[in-house]
Amino acid sequence: MIENPELELHPQQLIEKNKKLEDKFNFIKAVMLDIFFVYYSILVLQRAIYYKFFLDLRELPFSWLQVTVLFAVSVVIGISWASTRTSLSCRLFGIAKDNRVSKWTTEIFGWFLFDITFIAGWIVTKISIVSLFSPEGLNGAERLFSALFQPNFGIFDDALFAMIETIYIALVATLISIPPTLLISFFTARNLMKENKLSFTVYYILRIILNFIRSIEPLIWAIIFSVWVGIGPFAGMIALLVHTIASNAKLYSEAIESIEQGPVEAISATGADRVQVVWHAVVPQIVLPFLSFTIYRWDINVRMATIIGLVGGGGIGTMLMQYQGLARWREVGLIVIMIAFVVWVMDYISAKIREAIY
Amino acid sequence: MILEIKNLHKIYDNGTHALKGVSFSVKEGEFLVVIGLSGSGKSTLLRSINRLIEPTSGNVFFLGKDITHIKGEELRKVKTQIGMVFQQFNLIKRRSVLSNVINGKLGSLGTFESIIEKYSDGVYQEAYKCLETVGIFDKAKVRADSLSGGQQQRVAIARSLMQNPKLLLADEPVASLDPATSNSVMQYFEKINKELGTTVICNLHFLSLVRRYASRVIALKAGEIVYQGLPSDIDETWFKTIYGEEAEEVEIR
Ligand SMILES: Nc1ncnc2c1ncn2[C@@H]1O[C@H](COP(=O)(O)OP(=O)(O)OP(=O)(O)O)[C@@H](O)[C@H]1O
Ligand SMILES: [Mg+2]
């Protein structure tokens, strides 16, 4: 016979039971968030506003003991505050008492948090209106801009060659990325992998690896690979390739996850095997999104290839870096114009192609 | 007996008890229609037969063999003998009508052959024959989503015919079609049932269609069978039992 204890509870009881449980979880979350809020406020007040602004210290004093004691204090305050059910977090998680006190604390403390964050941000960024409008600074900027607007076309052929190099770096990285991305994306699509434990583990591990790779900017990958394979276009290409695979695998697998299940069911109901189901029911639904992502990615990669050039990834970025180092602003001006033009053209072309596909 | 269901239960993960001990059997060549209110468990029943969902307990016998717990290759072989037609047609929209029909054959084609899509002439002939049966021979080369709803459903029927099914399941095959188209699509099911001798189990909503096409009727209510018999025996009283006191029959033609 069937065993199902849940069915024995009356639905109303079940709902109440769940609600109690949910309240408990929300309270725990509220306590933690309150502790965080209090600790954050104390630290910001102490370090940014008191040390940095009022005392104007260069080196902020740091001691583990102090930080720990402050944390302990925050824990005490946070817990007692949340227990009154009038704290900001209680309100955020919808478990606050509905009275005037809780309304006022929410308002006052909410604004307080916002204000100290903004003030601390101001102090940390060293916002200074004075230096923005100092005569010296304005003079320098004027010299720079007038040079930029008189580009030196003498280096046009060199710059053109470097530009082409950049476009090719992006193109090759995008093209090579396609087969591995395709393969990986099937293994990172939840709906295809959730069926048994082994495949779900593979899915999970792959996702973690991809997230990790993606969270490292292409610029940093370029630095890594310029040490690994030497400065130049190759390092730039591999950096882009790695990042492209990781990012597009995510987009691709999301496309796979959002396909219509109906056709998949229909094909598997005919007795087709798994490979056939994927090939005949999943693939036809995802070719176009895949194509569109890939073209868009080429566009992105051209821009990234430029940036990557700045740290030695080859192409126009490297050239820009060299002239900037020599303070030859008229040459820099030409390069900037060329980059802007190419980026604009790529943007236009890729948008048009993607439109045409759909 | 082509199909025997014994004491079938289905409890979904969220606790919904969708089938509560359903038992019945189907003889070869029958046109069995399942009726019942929305949510009474009709789809759940059909999907348990070809194992699109796993029944919680009970047994399904197909051609005398217990198929409730078979897996893998064995299950695939059984699935090739049971065709299924859905309310939403479930065609591959961007592919041609012909390749959609050939998809019905996948279970008996080799994996490699089906991936490079180089089929033998026999397969094509068969596909055209199935298209002819449902009367859309001339649409073979057009994209599936360029057809009307009724035509798409006929393609879906052709796809299941491609399996040479012993049993054809249809889950509200005409629920998203207008009355006139519904009738013409139902006529193809009738034709398949009469001329090819394929057993059909079909979920339907409209009693007028039921009376016209069913050779036998099963009515589900809240996961249990409340009526089994001839369509002509469903009188006012039975109707109210199945659909509730407030229900009134609407005539569609
Ligand atoms: N995947 C699912 N998970 C949880 N519950 C489900 C699921 N599918 C169906 N149910 C529930 O099971 C019950 C029976 O659903 P089923 O789809 O079989 O009914 P039906 O008779 O086909 O209805 P309809 O005429 O609307 O298609 C319903 O209460 C439904 O909410
Ligand atoms: Mg249904």
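Each chain gets a letter, A, B and so on, in the order the sequences are listed, and its residues count up from 1.
- B:K191 NZ: more than 12 foreign heavy atoms inside a 6.0 Å radius.
- Heavy atoms only, all atoms of each residue included: A:Q276 and B:L106 are closest at NE2-O, 3.1 Å.
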Criterion side chain to side chain contact (heavy atoms under 4.5 Å, CB included) on A:Q261 and B:N90, from CA distance to verdict: CA-CA 9 Å; A:Q261 277 305 308; B:N90 291 347; over 6 Å; no

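- For B:Y124, the OH atom sits in a packed shell: over 12 heavy atoms of surrounding residues, nucleotides or ligands are nearer than 6.0 Å.
- Among the residues in residues 58-79 of chain B, those with a non-hydrogen atom closer than 4.5 angstrom to a non-hydrogen atom of chain A are B:R76, B:K79.
- The salt bridge (charged side-chain N to carboxylate O under 4.0 Å, His left out) test applied to B:E117 returns B:R95, not counting sequence neighbours.
- Interface residue B:N103: backbone and side-chain heavy atoms are both found under 4.5 Å from chain A.
- Between chain A and the residues B:I115, B:N50, B:T80, the largest count of heavy-atom pairs under 4.5 Å involves B:I115.
- Counting non-hydrogen atoms of other residues, nucleotides and ligands closer than 6.0 Å to OH of A:Y168 gives a total of 12 or fewer.
- Across all non-hydrogen atoms, the minimal contact from B:I92 to A:P284 is CG2-CB, 3.5 Å.
- Contact record, B:M84 with A:A269: CB-CB, 4.4 Å, taken as the closest heavy-atom pair.
- A distance of 5.0 Å separates CG in B:L52 from CD in A:E265, rounded to the nearest 0.5 Å.
- To the nearest 0.5 angstrom, A:T270 atom OG1 is 12.0 Å from B:I82 atom CD1.
- Within 6.0 Å of OH in B:Y119 there are more than 12 heavy atoms belonging to other residues, nucleotides or ligands.
- Atoms NZ and CD, from B:K93 and A:Q285 in turn, are 7.0 Å apart once rounded to the nearest 0.5 Å.
- In this structure, A:N196 places its CG atom where more than 12 heavy-atom neighbours from other residues, nucleotides or ligands lie under 6.0 Å away.
- For B:S96, the side chain to side chain donor-acceptor pair (under 3.5 Å) partners are B:S99, not counting sequence neighbours.
- Summarising the local packing, CZ of A:F25 is surrounded by 12 or fewer heavy atoms from other residues, nucleotides or ligands at distances under 6.0 Å.
- Across all their heavy atoms, A:I267 and B:R159 have their closest contact at CD1-NH1, 4.2 Å.
- The shortest side-chain heavy-atom distance between B:R94 and A:L288 falls under the 4.5 Å cut-off.
- Heavy atoms of B:L91 lying under 4.5 Å from chain A belong exclusively to its backbone.
- Residue B:Q163 touches chain A through its side chain alone, counting heavy-atom pairs closer than 4.5 Å.
- Crowding of A:Y296 atom OH: a count of heavy atoms from other residues, nucleotides or ligands under 6.0 Å not exceeding 12.
- For B:R51, the side chain to side chain donor-acceptor pair (under 3.5 Å) partners are B:E54, not counting sequence neighbours.
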